[in-house]
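Below: the structure, in structure tokens.
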Amino acid sequence: MIKIFNTLTRRKEEFVPLEDKRVNMYTCGPTVYDFFHVGNARVFITFDVIRNYLQFRGYDVRFVQNFTDIDDKMIKRASEEGVAVKELGDRFIEEYFKDADALGIKRADIHPRATEHIGDIIETIKILVEKGYAYEADGDVYYEARKFKDYGKLSHQNLDELEAGARVEPGEKKRDPMDFALWKAQKPGEPAWESPWGKGRPGWHIECSVMSMKYLGETIDIHGGGPDLIFPHHENEIAQSEAATGKTFARYFMHVGYLNINNQKMSKSLGNFFTVRDILKKYDPEVLRFFMLSSHYRSPINFSEDLMRQARSALERLYNTLYAMEHLEKTAKDARCLDEEEYLIALRQNRERFIQNMDDDFNTADAISVLFDIAREFNLKMSMLSQKAISQTAESLLELGRVLGFFYKFGNGELLDDEIQKKIEERQRARKDRNFALADRIRDELKEKGIILEDTPTGVRWKRLN
RNA sequence: GGCGGCAUAGCCAAGUGGUAAGGCAGAGGUCUGCAAAACCUUUACCCCCAGUUCGAAUCUGGGUGCCGCCUCCA
């Protein structure tokens with residue numbers, strides 16, 4: 001039984017999708033005006049794992065993540081750079097996929113763009129106006145928060161409390177500070193589309209309501225995003241969607257914890273801002289993924305180079321084990337000895353434990369510890385295992401690791417080229433002749449080329465330097 | 001002012017009523033031509049005080065410290 005912490009109820013609930021074995025999920029993607037940062041990455045990686053895991057558990061997952069390609073930030077950046085908003089969006093969508101691919105974040109089934117759904121957005125706004133939830137004011141259209149009786153149910157605030165802290169920008173034509181824009185009238189130089197209220201563009205919140213419902217239906221199973229989306233973004237999505245349809249918008253809302261720098265929120269003004277693009281210059285993307293998944297997704301985590309180095313060492317340990325398995329799979333003789341029943345039972349139990357941990361609100365930290373347990377058991381007993389047991393272990397470790405998005409680069413037919421293979425043989429001859437100077441020189445040479453040699457009782461084992 | 005989160009070894013981090021997973025780093029050891037990897041051993045008054053309980057890191061109350069949301073933000 002999978003349990004999910006639902007922001008709506010603030011508790012872990014048993015996960016029961018609307019349709020048996022089918023899950024519809026939507027997450028709010030990036031605004032494509034720049035490269036994405038490590039905080040964004042945490043959200044994308046988290047939902048990538050959740051999606052993988054649900055599939056692993058046999059669900060048919062339909063996953064949608066949008067691109068916000070029209071809003072204030074887009075307009076501002078485009079004009080700064082002297083390019084069209086469309087051009088800016090195209091460019092950073094491309095850059096998004098470069099980073100996401102590197103991090104092993106799989107593509108959503110659909111990545112809709114706001115600007116390609118203007119017609120749908122207008123239709124939904126029309127419905128909200130007709131139903132009396134929205135009003136036009138001078139070319140703008142606002143949603144009247146007070147009309148929606150459940151407003152605040154996600155962020156657990158009531159309107160009066162929210163209103164006390166609300167800020168009204170001068171020049172806004174809202175009737176109430178808590179009202180928010182569904183449609184904004186065009187300002188000079190801004191991109192705009194024709195609408196019943198004149199030329200303009202959509203507000204931020206409406207796009208997600210519209211695209212979620214268009215591709216996944218009026219009621220979806222899981223809606224997620226970053227922690228600061230709870231209010232107002234997701235609150236507003238609920239208000240818009242549920243007012244329009246009269247149905248529950250999303251049954252489980254999931255929010256990822258913050259990624260902090262020195263225990264503080266990352267912000268451009270503090271200068272503690274890291275893009276994924278920058279970090280990948282120094283660290284393997286898989287290390288970043290490992291680092292993120294070492295903590296529970298809802299806990300705040302701190303990002304630092306020291307922690308990245310710790311993550312790198314830890315991941316390396318798993319890889320060492322994988323290399324050892326690969327090596328032994330080739331050299332192990334069958335009928336090794338020992339009763340390996342017990343070992344295989346423990347392996348199965350570990351696999352079960354992994355599932356239990358992940359079932360419990362996707363506890364990746366616990367799940368990772370199982371990976372290490374499997375590795376230790378194997379390292380301890382590897383010289384006594386049959387080929388079959390070794391293969392089974394490798395299979396399990398790879399299978400479970402890949403649910404978390406690890407090990408994708410492993411074992412895809414990386415063959416040593418002949419030249420390197422010859423060097424290894426040459427070194428073996430030198431070792432036999434006790435010409436250790438030559439042997440060490442060859443080992444160093446290969447290291448230069450990124451190939452690490454390790455001598456073991458069953459022969460030379462090699463791995464690629466990361 | 002309203003709402004919420006966190007505090008576990010040198011560092012990171014699970015655990016949420018039965019006496020502390022896992023990783024990194026350190027020390028010692030085994031193995032080894034050397035190296036590497038691996039394995040073994042070793043390191044915790046679970047922020048403080050009071051309470052509930054046969055029993056609390058885990059529940060309750062009160063402190064202390066840190067962080068967040070309520071405003072564009074993942």
Side-chain angles (χ1 to χ4, degrees), chain A residues 7 10 27-31 36-44 46-47 68 71-73 76 152 155-158 160-169 177-178 204 224-233 235 255-260 262-268 290-291 293-296 298-302 304 306-321 323-324 327 353 357 360 363-373 375-376 378-383 430-432 434-437 439-440 443-444 447 452-457 460-463:
Chain A
T7 306
R10 286 179 172 166
T27 67
C28 296
T31 301
F36 67 85
H37 57 68
V38 256
N40 292 309
R42 186 180 188 196
V43 175
F44 304 148
T46 298
F47 285 103
T68 297
D71 82 333
D72 291 345
K73 290 196 296 288
K76 183 161 175 269
S155 53
H156 301 276
Q157 300 270 343
N158 70 50
D160 296 318
E161 284 157 356
L162 283 166
E163 194 144 315
R167 185 169 68 189
V168 187
E169 296 294 343
M178 291 318 296
W204 175 36
D228 41 7
L229 260 29
I230 297 172
F231 188 89
H233 187 58
E235 193 73 71
H255 294 96
V256 180
Y258 273 111
L259 180 136
N260 297 324
N262 293 325
N263 284 315
Q264 277 191 311
K265 196 171 154 178
M266 188 165 51
S267 80
K268 285 192 172 162
F290 185 93
F291 161 72
L293 299 178
S294 324
S295 309
H296 186 86
R298 280 187 285 112
S299 309
I301 55 175
N302 237 334
S304 75
D306 182 48
L307 265 16
M308 285 295 282
R309 281 189 291 270
Q310 287 191 22
R312 181 164 56 195
S313 300
L315 223 210
E316 201 181 324
R317 179 176 166 79
L318 258 16
Y319 266 96
N320 285 337
T321 306
Y323 277 110
H327 174 246
R353 220 153 45 80
N357 292 336
D360 185 10
N363 194 331
T364 54
D366 260 345
I368 285 174
S369 79
V370 175
L371 265 30
F372 283 100
D373 290 339
R376 186 175 347 85
F378 172 79
N379 286 328
L380 192 57
K381 300 197 173 131
M382 61 179 163
S383 62
R431 289 182 72 212
K432 259 205 181 96
R434 304 193 70 76
N435 184 353
F436 296 121
D440 289 352
R443 186 167 61 195
D444 289 344
K447 192 176 177 183
I452 307 285
L453 299 189
E454 294 168 354
D455 302 323
T456 77
V460 181
R461 186 164 79 208
W462 64 274
K463 63 181 179 184

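First the proteins, then the strands, lettered A, B, ... as listed; each starts at 1.
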Legend entry - Least distance between heavy atoms, A:Ala365 atom then A:His296 atom: CB-N, 4.4 Å
Inset, instruction - Determine the Euclidean distance between corresponding P atoms of B:A35 and B:U30; express it in Å to zero decimal places. - result: 13 Å
Inset, instruction - State whether A:Arg353 and A:Asp373 are salt-bridged, where the test is any N-O pair (Lys NZ or Arg NE/NH1/NH2 against Asp/Glu carboxylate O) under 4.0 Å. - result: yes
Inset, instruction - Taking atom C1' in both B:A25 and B:A13, compute the distance separating them and give it to the nearest angstrom. - result: 15 Å
Legend entry - Base paired to B:G61 (Watson-Crick or G-U; both N/O distances under 3.5 angstrom): B:C49
Legend entry - Identified pairing partner of B:C66, criterion: Watson-Crick or G-U wobble below 3.5 Å: B:G5
Legend entry - Phosphate OP1/OP2 of B:A38: any A:Arg317 side-chain N/O under 4.0 Å: yes
Legend entry - Nearest listed nucleotide, side chain of A:Asp455, among B:C72, B:A35, B:A74: B:A35
Inset, instruction - Please state the P separation for the pair B:U52 and B:U58 - nearest whole angstrom. - result: 15 Å
Legend entry - Nearest-Å distance for atom pair OH/P, residues A:Tyr319 and B:G23: 18 Å
Inset, instruction - Could you give the distance separating B:U16 and B:U32 at their P atoms, to the nearest angstrom? - result: 44 Å
Inset, instruction - Classify the nucleic acid contact of A:Leu259 as base, sugar-phosphate or nothing, counting any heavy atom under 4.0 Å across all strands shown. - result: base
Legend entry - A:Thr27 side chain near A:Val43 side chain, heavy-atom distance below 4.5 Å: no
Legend entry - Counter-base of B:G26, judged by Watson-Crick or G-U geometry with both distances under 3.5 Å: B:U42
Legend entry - Contact check, side chains of A:Leu318 and A:Phe290, non-hydrogen atoms, under 4.5 Å: yes
Legend entry - Donor-acceptor pair present, A:Arg443 side chain and B:C34 base, under 3.5 Å: yes
Legend entry - Rounded distance in Å between the P positions of B:A37 and B:A27: 14 Å
Legend entry - Given B:C24, B:G33, B:C69, the nucleotide with the shortest approach to the side chain of A:Ser313: B:C24
Legend entry - Note: A:Asp444-A:Lys447 ion pair, threshold 4.0 Å (strictly below): no
Inset, instruction - Specify the separation, in whole Å, of atom CG of A:Asp228 and atom P of B:G68. - result: 12 Å
Inset, instruction - Indicate, with a heavy-atom threshold strictly under 4.0 Å, whether A:Arg376 touches base, sugar-phosphate, or nothing. - result: sugar-phosphate
Legend entry - Distance below 4.0 Å between A:Ser299 side-chain N/O and B:A14 OP1 or OP2: yes
Legend entry - Between P of B:C39 and CG of A:Leu380, the distance in whole Å: 7 Å
Inset, instruction - Would you check if A:Lys463 and A:Asn320 make a side-chain contact, meaning some heavy-atom pair closer than 4.5 Å? - result: yes
Legend entry - Closest to side chain of A:Phe436, choosing from B:G33, B:C39, B:G68: B:G33
Inset, instruction - Determine the interatomic distance between P on B:A57 and the same-named atom on B:U41; round to the nearest Å. - result: 26 Å
Legend entry - Ion pair check, A:Asp455 and A:Arg431, cut-off under 4.0 Å: yes
Inset, instruction - Compare the minimum distances between each of B:A37, B:C3, B:A74 and the side chain of A:Pro227, then state the nucleotide with the smallest one. - result: B:A74
Inset, instruction - Rounded to whole angstrom, note down the P distance from B:C6 over to B:C59. - result: 10 Å
Inset, instruction - Would you kindly give the CZ-to-C1' distance between A:Phe378 and B:G22, to the nearest whole Å? - result: 19 Å
Inset, instruction - Let me know the distance between CG of A:Asn320 and P of B:A35, rounded to the nearest Å. - result: 17 Å
Inset, instruction - Over all heavy atoms of both residues, which pair between A:Ser295 and A:Ile301 is shortest? Give the atoms and the distance, please. - result: OG-CG2, 3.2 Å
Inset, instruction - Could you tell me the separation between the NZ atom of A:Lys463 and the P atom of B:A35, rounded to a whole number of Å? - result: 16 Å
Inset, instruction - May I ask you to evaluate whether A:Asn260 reaches the phosphate of B:C67, defined as a side-chain N or O under 4.0 Å from OP1 or OP2? - result: no
Inset, instruction - Using Watson-Crick or G-U wobble geometry with both distances below 3.5 Å, tell me the partner of B:U71, or none. - result: none
Would you tabulate the pairs of protein nitrogen or oxygen atoms and nucleotide nitrogen or oxygen atoms of nucleotides 8-12 of chain B closer than 3.5 angstrom?
{"from": "B:C11", "atom 1": "O2'", "to": "A:Gln310", "atom 2": "NE2", "distance (Å)": "3.2"}
{"from": "B:C11", "atom 1": "O2", "to": "A:Gln310", "atom 2": "OE1", "distance (Å)": "3.2"}
{"from": "B:C11", "atom 1": "O2", "to": "A:Gln310", "atom 2": "NE2", "distance (Å)": "3.2"}

Legend entry - Base-pairing mate for B:U19 - Watson-Crick or G-U, with both contacts under 3.5 Å: none
Legend entry - B:G4 OP1/OP2 closer than 4.0 Å to side-chain N/O of A:Arg10: yes
Legend entry - Out of B:A37, B:C40, B:C34, whichever nucleotide has its closest atom nearest the side chain of A:Glu454: B:A37
Legend entry - Nearest heavy atoms of A:Lys265 and A:Tyr258, plus distance in Å: NZ-OH, 3.5 Å
Inset, instruction - May I ask whether A:Phe372 stacks on the base of B:G22, given the cut-offs of 5.5 Å between ring centres and 30° between planes? - result: no
Inset, instruction - Quick one: label A:Asp440 by what it contacts on the DNA or RNA (base, sugar-phosphate, nothing), any heavy atom closer than 4.0 Å. - result: base
Legend entry - Pairwise side-chain contact, A:Asn260 with A:Met266, heavy-atom cut-off 4.5 Å (strictly under): no
Legend entry - RNA chain B: 5'-proximal contact among A:Leu229 and A:Ala311 (nearest heavy atom): A:Ala311
Inset, instruction - Return yes if the base of B:G2 and the side-chain atoms of A:Asp160 contain a donor-acceptor N/O pair under 3.5 Å, otherwise no. - result: no
Inset, instruction - List the atom of A:Gly152, the atom of A:Glu235, and the distance in Å for their closest heavy-atom pair. - result: N-OE2, 2.9 Å
Inset, instruction - Assign each of A:Ala324 and A:Arg309 to its nearest nucleotide of RNA chain B by heavy atoms, then name whichever residue's nucleotide is nearer the 5' end. - result: A:Arg309
Legend entry - Side chains of A:Arg461 and A:Leu453 in contact at under 4.5 Å (non-hydrogen atoms): no
Inset, instruction - Tell me what A:Lys265 touches on the nucleic acid: a base, only sugar-phosphate, or nothing, going by heavy atoms under 4.0 Å. - result: base
Inset, instruction - Might you point out which heavy atoms bring A:Cys28 and A:Leu229 nearest each other, and give the distance in Å? - result: CB-CD2, 3.7 Å
Legend entry - Atom pair distance, as rounded to whole Å: NE2 in A:His156 and C1' in B:C69: 12 Å
Inset, instruction - Determine the Euclidean distance between corresponding C1' atoms of B:C12 and B:C69; express it in Å to zero decimal places. - result: 26 Å
Inset, instruction - For A:Ile230, answer base if it contacts any base atom (sugar-phosphate contacts may also be present), sugar-phosphate if it contacts only those atoms, and nothing otherwise; contact means non-hydrogen atoms under 4.0 Å. - result: nothing
Which protein N or O atoms sit under 3.5 Å from an N or O of nucleotides 15-19 of chain B?
{"from": "B:G15", "atom 1": "OP1", "to": "A:Asn363", "atom 2": "ND2", "distance (Å)": "2.8"}

